[in-house]
Amino acid sequence: MAVETPVTQTVTLPATLPRRSATFDDYTLSEIRRAAATGIYDIRGGGAKRKMPHFDDLLFLGASMSRYPLEGYRERCDTNVVLGSQNAKKPIELDIPITIAGMSFGALSAQAKEALGRGATIAGTSTTTGDGGMTAEERGQSKTLVYQYLPSRYGMNPNDLRQADAIEVVVGQGAKPGGGGMLLGQKISDRVAEMRNLPKGIDQRSACRHPDWTGPDDLAIKIRELREITNWEKPIFVKISGTRPFYDTALCVKAGADVVVLDGMQGGTAATQEIFIEHVGQPTLACIRPAVDALQDLGMHRKVQLIISGGIRNGADVAKALALGADAVSIGTAALVALGDNDPKFEEEFNQLGTTAGAYDDWHEGRDPAGISTQDAELAKRLDPIAAGRRLANYLKVVTLEAQTIARACGKSHVNNLEPEDLVALTVEAAAMAKVPLAGTDWIPGRSGY
Amino acid sequence: MPKLDLKELGVRGVNSALHGIPNGANEPDWLITNPMGQHAIACGLDAPIEVTINGHVGFYCGGMNQQAGITIHGHAGVGIAENMMSGQVRVMGSASDSAGATAHGGLLVIEGDASSRCGISMKGVDIVVGGSVGHMSGFMAQSGHLVVCGDASDALGDSIYEAIMFVRGKVASLGADCVEKEMRPEHLAKLAELLNAANIDADPGNFRRYGSARTLYNFDIDNADAY
Amino acid sequence: MRCWRDASILGMHAGGMTMCGIVGLYLKDPTLQASLGELFAPMLIEMTDRGPDSAGFAIYRDPVSEHQTKFTLASDDPDTDWKALDTDLARALICQARLDIQGDHAVLVTDADAFAAQAWLAESRPRIRVVGSGRSIEIFKQTGLPKDVVEQFKLTSAHGSHAIGHTRMATESAVTTAGSHPFATGLDLCLVHNGSLSNHNHLRRKLERDGIVFQTENDTEVAAGFMTLNLRRGLSLHAALEAGLVELDGFYTFCVGTANGFAVVRDPFGCKHAVLAETGEWVAMATEYRAIAHLPGADTARIWEPEPHKIYTWGSA
């Protein structure tokens with residue numbers, strides 16, 4: 001029996017759009033699926049990628065009526081810096097306040113290490129070894145070479161120690177405060193394996209604490225040993241991550257450091273867990289003032305030098321770090337980019353690796369198309385150390401000139417004469433962290449009772 | 001034998017004198033008196049000399065040693081012969097934590113006991129301990145030999161790589177990835193050679209051999225609790 | 001120079017923690033007791049590099065009678081009127097009281113009820129802190145170099161049966177007298193610490209709910225509070241230390257002074273070293289051997305290191 005149906009009109013009911021979760025965003029979902037499929041935590045290189053208050057949130061005031069600017073290119077604006085004058089017989093003298101941070105042979109190819117040395121030398125600054133020891137290429141091409149002294153002590157030997165111009169005791173790294181290193185098997189070539197006294201192809205875990213001292217009271221004794229072995233000639237740097245910068249900086253000084261290297265969480269690593277990089281440590285901007293306060297409290301500001309690293313990209317960043325009280329800055333990621341890291345000319349190859357130029361951070365896999373973070377002989381050959389070194393030198397000179405431009409505009413004949421009072425902040429967060437007033441106000445959050 | 005009185009010269013004075021000795025100098029034997037537990041005594045030597053220290057020393061004695069022979073008539077503090085490259089360091093008494101840490105070569109002999117982390121991250125050194133070793137000894141030991149004539153405390157050889165360990169006494173517990181291995185003739189021969197070099201009278205046949213199971217060499221999530 | 005207390009104004013969280021040197025000396029031979037200070041003071045001074053910020057020591061001497069209590073008092077106020085204290089106390093509690101002033105510390109001996117005396121002090125002398133109490137313990141501590149602290153409290157000429165001491169390199173808390181070690185943990189008990197705890201803030205809050213009062217942000221004071229509470233609840237010293245091994249996270253070597261000796265314990269990680277030496281005449285404990293080196297017979301003493309996760313005691317501790 002046929003049922004009589006009423007005549008209906010077709011209406012499109014209003015519907016909500018599909019809504020993506022802000023909490024479970026696409027990246028988060030992809031990471032959960034990846035972890036579930038592979039059973040391995042996500043390891044990558046580089047520093048924190050999340051957005052956070054940074055030097056871009058600060059502005060210089062510049063000279064006008066109350067202050068007089070210096071003439072660009074004609075009136076001097078010096079950039080030289082002396083590191084390690086406190087206790088070392090032979091402090092380091094650099095032409096520019098921008099050094100190259102420690103990066104290991106192993107993480108980087110021998111060509112890349114050589115290029116860093118070449119570029120730094122042309123620009124009149126220092127470069128630094130890393131976990132894995134000193135290579136002949138690097139020593140040969142670096143006028144001023146800082147030798148890192150790390151928990152693993154891979155490749156560590158007294159001959160190289162004496163050949164170095166300074167020693168950097170590594171306590172922490174901004175990308176992984178409290179964590180050790182990792183060099184996965186893919187990058188352990190014969191040469192890397194030999195330098196580290198380990199079999200080829202196995203994962204190399206680097207310890208998070210030094211094997212023969214724990215804490216600043218013991219570090220004082222270790223520093224004295226290093227001085228004894230090197231005839232009290234070499235400046236001793238201590239590198240710390242941006243965790244408790246006020247106390248840690250003071251303790252570096254008490255332990256006898258000549259130079260404190262303070263690395264914020266944007267500072268890179270060759271490889272560590274993504275979760276570590278993004279969730280442990282403090283932004284570089286938040287670390288500088290507490291460290292400078294500690295030095296000033298101890299009467300050691302400018303006597304023990306402070307080097308800031310983690311996310312330094314241009315002359316404005318350099319000038320801002322110096323204005324907040326640093327004596328110099330150090331760069332890693334930017335130096336690699338200057339060499340050719342993540343160059344869009346390799347876009348097709350980056351795509352094949354499942355990524356895109358600018359986002360490639362699987363440095364631990366050793367398949368870097370740019371030939372920098374690799375031990376693959378064929379890939380490494382792509383980087384010409386001479387040309388890459390030249391690019392780095394050019395970049396360092398540009399950055400220096402930029403910092404000078406700002407310093408001159410603020411009326412300074414030395415970049416180290418920049419002061420926090422030359423700065424204002426664009427955001428409340430940056431004002432609080434850098435302890436400079438919010439632009440257009442005299443308000444520094446957290447100061448004067450606010 | 002030239003004598004260096006540490007009380008009078010200080011650590012700097014003693015080390016300067018030892019560092020100033022040219023290779024091939026005709027005065028190979030040196031005596032250090034009054035060490036008083038001070039640190040970094042006779043570290044960074046690089047000459048074929050024989051240094052005798054009468055008394056107890058502090059941290060890092062003989063640190064990074066090359067070529068020299070150093071004999072301590074007493075107790076040694078933390079990090080004795082740390083990162084030694086070559087030569088020989090002998091402690092007549094006991095040694096504190098991290099004896100022979102990260103050492104690349106040479107021979108370290110401790111006639112008494114060694115404390116925690118003996119041979120941590122060792123990279124080729126040979127260590128012979130007449131007595132017992134403390135916990136975490138041989139942690140992340142990369143290469144070389146660790147001989148223990150007495151007992152080993154907890155977590156022996158945790159995360160060990162290619163170093164070889166011989167223990168005569170009891171092992172309280174083995175660390176992650178450390179296992180007992182078969183004592184083959186070449187191991188007995190090597191052990192005999194080490195005991196002989198250390199001038200310690202012990203029968204190689206009474207020792208057991210320990211080394212890496214090599215299961216942690218490449219990351220596997222199912223080993224996560226061992227990391 | 002601005003005080004480190006400004007750290008909190010600068011928006012930094014003052015956590016606590018100390019890196020340092022520990023020394024202890026227990027005289028087995030009673031004939032040496034006249035020269036305890038002479039033997040012990042150089043031990044403390046030798047640890048200056050490990051702790052240049054402040055120093056302190058507990059010395060056990062001149063036990064008072066069963067009916068009396070010996071308090072060590074300290075004041076941060078230079079104008080403290082110590083003189084009237086004993087007469088005021090005697091008048092208020094109708095008791096006997098004797099005060100011996102030593103720098104900004106004073107030793108008070110009274111036959112008043114200990115709790116009543118402490119309550120009276122809190123009420124009528126709120127700026128004076130009780131830093132130690134018992135029958136024989138006296139605790140002295142002050143900011144500054146160990147040699148100055150030794151001089152201020154005339155340690156070199158002190159006699160006694162045993163002493164423990166501490167030199168401090170402050171890591172995350174203020175350099176103040178109150179933050180200096182030793183910390184009292186009960187009658188004739190005190191504690192010194194080398195290392196850095198990692199769960200003391202949680203523990204402090206828990207202990208506060210149990211009635212323990214803290215004067216500083218220092219991690220060691222939390223360990224001391226933990227010991228105090230457990231001893232108050234009737235645990236033996238050994239049991240209290242054992243409970244500490246379970247509850248206290250981080251890196252530490254503790255030395256606990258008791259009426260008759262001392263105890264030493266290291267955390268299971270065993271990174272903060274300690275060395276012990278013993279002869280027929282004495283037992284000594286120090287973070288580094290060099291602090292012991294000058295003692296008579298040290299060259300031939302039995303020397304060994306306390307194992308991690310194990311409790312060692314001397315005397316009838």
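Side chains are part of it too, since the values below use all heavy atoms of this structure and drop only hydrogens, waters and symmetry mates. Residue numbers start from 1 in every chain, and the chains themselves are labelled A, B, ... in the order their sequence lines are given, proteins ahead of strands.
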- Task: Indicate yes or no: at least one non-hydrogen side-chain atom of A:L226 is less than 4.5 angstrom from one of B:M64.
- Result: yes
Exercise. Would you say A:E194 has more than 12 foreign heavy atoms packed within less than 6.0 Å of its CD?
Worked result: no
- Heavy-atom count around A:K90 NZ within 6.0 Å, excluding the residue itself: above 12? no
If you measure from [atom1] on [X] to [atom2] on [Y], what distance do you get to the nearest 0.5 Å?
X      : Y      : atom1 : atom2 : result
B:H39  : A:R224 : NE2   : CZ    : 7.0 Å
B:Y60  : A:D218 : OH    : CG    : 6.0 Å
B:H104 : A:N157 : NE2   : CG    : 6.5 Å
B:N83  : A:E225 : CG    : CD    : 8.5 Å
A:N159 : B:M85  : CG    : CE    : 7.0 Å
A:K222 : B:E82  : NZ    : CD    : 3.5 Å

Output the option from B:V11, B:I41, B:V78, B:N65 having the highest count of non-hydrogen pairs under 4.5 Å with chain A.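 The candidate making the most pairs under 4.5 Å is B:V11.
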[X] versus [Y], closest heavy-atom pair with distance:
X      : Y      : result
A:G201 : B:N218 : O-ND2, 3.3 Å
A:I229 : B:G63  : CD1-O, 4.0 Å
A:P158 : B:Q66  : CG-OE1, 3.3 Å
B:A101 : A:P211 : CB-CB, 4.3 Å
A:S152 : B:T102 : O-CG2, 4.4 Å
A:I202 : B:Y217 : CG2-CD2, 3.3 Å

So, the part of B:R117 with a heavy atom under 4.5 Å from chain A: the answer is side chain
- Item | Under 4.5 Å from a heavy atom of chain A, the part of B:D46 involved |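 For B:D46, the contact with chain A is made by the side chain alone.
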When the 4.5 angstrom heavy-atom criterion is applied to A:P199 and chain B, the contacting part is side chain
Applying side-chain contact (heavy atoms from CB on, under 4.5 Å) to B:H19 and A:N231, what does each step give before you reach the verdict?
CA-CA 9 Å; B:H19 292 167; A:N231 195 29; 5.7 Å; no
**OP:** Check for a donor-acceptor pair, side chain of B:Q142 on one end and backbone N or O of A:R196 on the other, with a separation under 3.5 Å.
**Re:** yes
